[in-house]
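Since the structure comes first, as structure tokens, the remarks are kept for the end.
Every chain is numbered from 1 and lettered A, B, ... according to where its sequence line falls, protein lines coming before strand lines. Computed from a predicted model, the values in this text were never measured in an experiment.
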Number of protein chains: 2
Amino acid sequence: MTEVIEPAIETVTIDVVLSALADPVRLTLVRAFDAAGDWACGSDVVRSTGVTIGKSTLSHHIKVLRDAGLIRTRVDGVRRLVMLRYDDVERRFPGLLALLRGDGRAAT
Amino acid sequence: MTEVIEPAIETVTIDVVLSALADPVRLTLVRAFDAAGDWACGSDVVRSTGVTIGKSTLSHHIKVLRDAGLIRTRVDGVRRLVMLRYDDVERRFPGLLALLRGDGRAAT
DNA sequence: CGTACTGTTCGACGCGGATCGAACAGTACG
DNA sequence: CGTACTGTTCGATCCGCGTCGAACAGTACG
């Protein structure tokens, strides 16, 4: 099997999504996956962000994001590739991804 | 003085907003204030939602929402009136309020 | 088969935050 | 002034969750 179970986007609530995005590490992950654009190895991505966490912690965050319907996981040999569910997320929560990558970060 | 200090909307980051909205009680509060449409007493609003919390807890949540730039507080005699910062929030985080009141709640 | 690597699972730990009650501040009113 | 009411502030408590390490599972490769 090369696919990992993920919730149907219709069953995902905005409440769960907000809880998932509330954590700074997960928010960084989502932005990094968004910057990657397509399938990327979670370990490589987190390494590129400069965030230092254990692999068990990363596995935990990946699971939370997957349960929140934000990402999709595929098995590729010994490693797992992750990708944002662009279409699903945009259809169910229009404008959400734009808010995350928007300029609502720095202050003026 | 009839106004309570609130952060300039430009200084508010999406990270803080997401953290503020991650709590179920605060999310309920925002939706209730949104449904109210204009100035409303926090105690009355929370009572209408059926949520039962102490007044100190409510005061805490109101402060978190205010620091997140989502609501505005005005002093009216012995009570404080609260209102969503519709224009500011919509300008800084377009589509955010729509996401909260959207149908991203129930599953089909 | 044995080794090496990636990632998951399972307990356990620690901290931040939600919650409460009590005390205090400010206003309205008689 | 004294009483009553609303809301804030301050400690204290409690619990969820992020974090880690160790053990385990699955794959690749010689």
Give the dot-bracket string for DNA chain D, reading 5' to 3', where a pair is Watson-Crick or G-U wobble with both distances under 3.5 Å, ( ) marks pairs inside the strand, [ ] marks pairs crossing earlier ones, | marks a partner on another strand, and . marks unpaired.
||||||||||||||||||||||||||||||

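Here the side chain of A/Asp76 pairs no donor or acceptor atom with the backbone of A/Arg79 at under 3.5 angstrom. Judged purely by atom type and a 3.5 angstrom limit, A/Thr28 uses its side chain to pair as donor or acceptor with the backbone of A/Pro24.
A salt bridge does not link A/Asp88 to A/Arg92: none of the charged side-chain nitrogens sits closer than 4.0 Å to a carboxylate oxygen. The pair A/Arg74-A/Glu6 does not meet the salt-bridge criterion, since no charged nitrogen lies less than 4.0 angstrom from a carboxylate oxygen. Residues A/Arg31 and A/Asp34 are not paired through a salt bridge, judged by the lack of any N-O separation under 4.0 Å between the basic side chain and the carboxylate.
For D/dG18, its base never sits under 3.5 Å from the side chain of A/Thr57 at any donor and acceptor pair.
The CZ-P distance, from A/Arg26 to D/dC17, rounds to 9 Å in whole Å.
Side chains of B/Thr73 and B/Arg80: a donor-acceptor N/O pair is absent below 3.5 angstrom, by distance only.
Mapping A/Arg47 and B/Ser56 onto DNA chain C by nearest heavy atom places A/Arg47 at the nucleotide closer to the 5' end.
A/Ile53 comes within 4.0 angstrom of sugar-phosphate atoms only, judged by non-hydrogen atoms across all strands, and of no base. Residue contacts shown for B/His60 include a base, since a base heavy atom lies under 4.0 Å away.
B/Leu97 is listed as a side-chain neighbour of B/Val89, based on a closest heavy-atom distance under 4.5 Å.
If you walk DNA chain C from 5' to 3' and mark each nucleotide with an atom closer than 4.0 Å to a heavy atom of chain A, the marks span C/dC5 to C/dT9.
Hydrophobic clustering, with ILVMFWY side chains joined whenever heavy atoms are under 4.5 angstrom apart, keeps B/Val64 apart from B/Val51.
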